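Report on the structure given below.
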Amino acid sequence: MDLFDDLPLPTEDLHTAIGPGAVLMRGLGRAGDVQMLQAVESIIAQAPLLQPHTPGGYTMSIQTTRCGSVGWLSEPGGYRYSTINPRTGQPWPAIPACLMDFAIDAATQAGYPDFVPDSCMINQYLPGNKLGLHQDRDERDLRAPVVSLSLGLPAIFLFGGLQRTGKTQRYRLAHGDVVVWGGPSRLAFHGILPLAHGDHALVGQRRLNVTFRRVLPA
Ligand code: SIN
Ligand code: FE2
């Protein structure tokens with residue numbers, strides 16, 4: 001578990017600008033963590049985690065699922081959003097109210113008061129799992145930000161600019177930390193370094209990342 005999890009949070013310097021229109025908000029998700037974790041587990045029970053295969057024939061190391069009116073798919077023909085979970089033939093589960101409220105509040109605090117997500121992706125990282133540098137660019141509505149909540153083991157988040165080859169900064173994302181990127185940073189390259197081993201008191205030997213997006217124009 002995170003050594004500093006039990007210490008009170010400092011009252012200042014909780015929000016760090018990490019790029020134009022991009023902010024890291026430390027600990028914002030801690031207050032509601034138990035309820036949000038339960039909500040995530042209920043989504044996983046309805047729409048099981050799977051390792052996506054990329055169109056290029058690569059199997060990602062992380063395990064993913066989704067909720068919301070549209071869910072991201074990685075298929076041989078490319079990436080797309082779909083209203084149906086192809087594994088179950090059913091619509092994705094709705095975004096649970098506690099997660100929806102959290103995402104809207106986080107976006108508002110980051111300067112995006114009109115954000116209403118229609119898609120939520122759950123990524124599970126086991127020790128060693130990583131996510132290579134990429135852009136989130138499959139959403140039709142790129143005016144809306146991406147809101148990302150980290151639960152469980154800490155990870156190193158890479159955040160760069162609009163070019164893959166550009167310089168990246170490293171940020172440690174711990175349980176409850178939130179990153180929001182939008183506006184001029186909406187298409188910033190980002191990724192996650194291989195997860196270190198550990199055991200988080202609430203979440204166990206893994207990291208859960210919950211990202212909220214607006215896919216279809218509001
Ligand atoms: C993502 O890039 O969509 C997820 C990033 C993360 O796991 O923090
Ligand atoms: Fe991403």
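Values in this document were obtained by computation on a predicted structure and should not be read as measured data. Whatever order the structure lists them in is the order used to number ligands and atoms, beginning at 1.
By the criterion of a heavy-atom distance under 4.0 Å, the side chain of H190, and not its backbone, is placed next to ligand 1. Contacts between L131 and ligand 1 below 4.0 angstrom, taking non-hydrogen atoms only, involve the side chain exclusively. Residue contacts with ligand 1, taken as heavy atom pairs separated by less than 4.0 Å, involve N123 solely via side-chain atoms from C-beta onward.
Under a hydrophobic clustering in which Ile, Leu, Val, Met, Phe, Trp and Tyr are joined whenever their side-chain heavy atoms come within less than 4.5 Å, directly or via other members, F189 and V23 fall into different clusters.
Put simply, the side chain of R164 gets close to the backbone of L133: a donor and an acceptor are under 3.5 Å apart. H200 places no side-chain N or O within 3.5 Å of a backbone atom of G198 that could act as its donor or acceptor partner.
Looking only at heavy atoms of the protein, atom 7 (O) of ligand 1 is closest to Y125 OH, 2.5 Å. Among all non-hydrogen protein atoms, the one lying nearest atom 4 (C) of ligand 1 is N209 OD1, 3.2 Å. For atom 3 (O) of ligand 1, the closest non-hydrogen atom on the protein side is R213 NH2, 3.0 Å.
A donor-acceptor contact closer than 3.5 angstrom is absent between the side chains of N129 and Q124. Looking only at atom types and distance, the side chain of T64 has a donor-acceptor partner in the side chain of R66 under 3.5 Å away.
For H134, the closest heavy-atom approach to ligand 1 falls below 4.0 Å.
Checked against L24 for a side-chain contact (heavy atoms from CB on, under 4.5 Å), the options F157, Y171, F159 give a single hit: Y171. Each of L208, L195, L153 was evaluated against Y125; a single residue qualifies, L195, per the side-chain contact (heavy atoms from CB on, under 4.5 Å) test. Screening D136, T211, N209, N123 against S148 for a side chain to side chain donor-acceptor pair (under 3.5 Å) leaves a single residue, N209.
Of all atoms in ligand 1, listed by their number and element, those nearer than 4.0 Å to a heavy atom of R207 are 6 (C), 7 (O), 8 (O). Taking a cut-off of under 4.0 Å to the non-hydrogen atoms of I192, the atoms of ligand 1 that pass are 6 (C), 7 (O), 8 (O).
A pairwise comparison of heavy atoms in I95 and P117 identifies CD1-O, 4.1 Å as the closest pair.
Listed by chain and residue number, the protein N/O/S atoms under 2.8 Å of the Fe ion (ligand 2) are H134 NE2, D136 OD1, H190 NE2, with waters left out.
Between Y79 and W72, the two ring planes are parallel [angle under 30°; tilted spans 30° to 60°].
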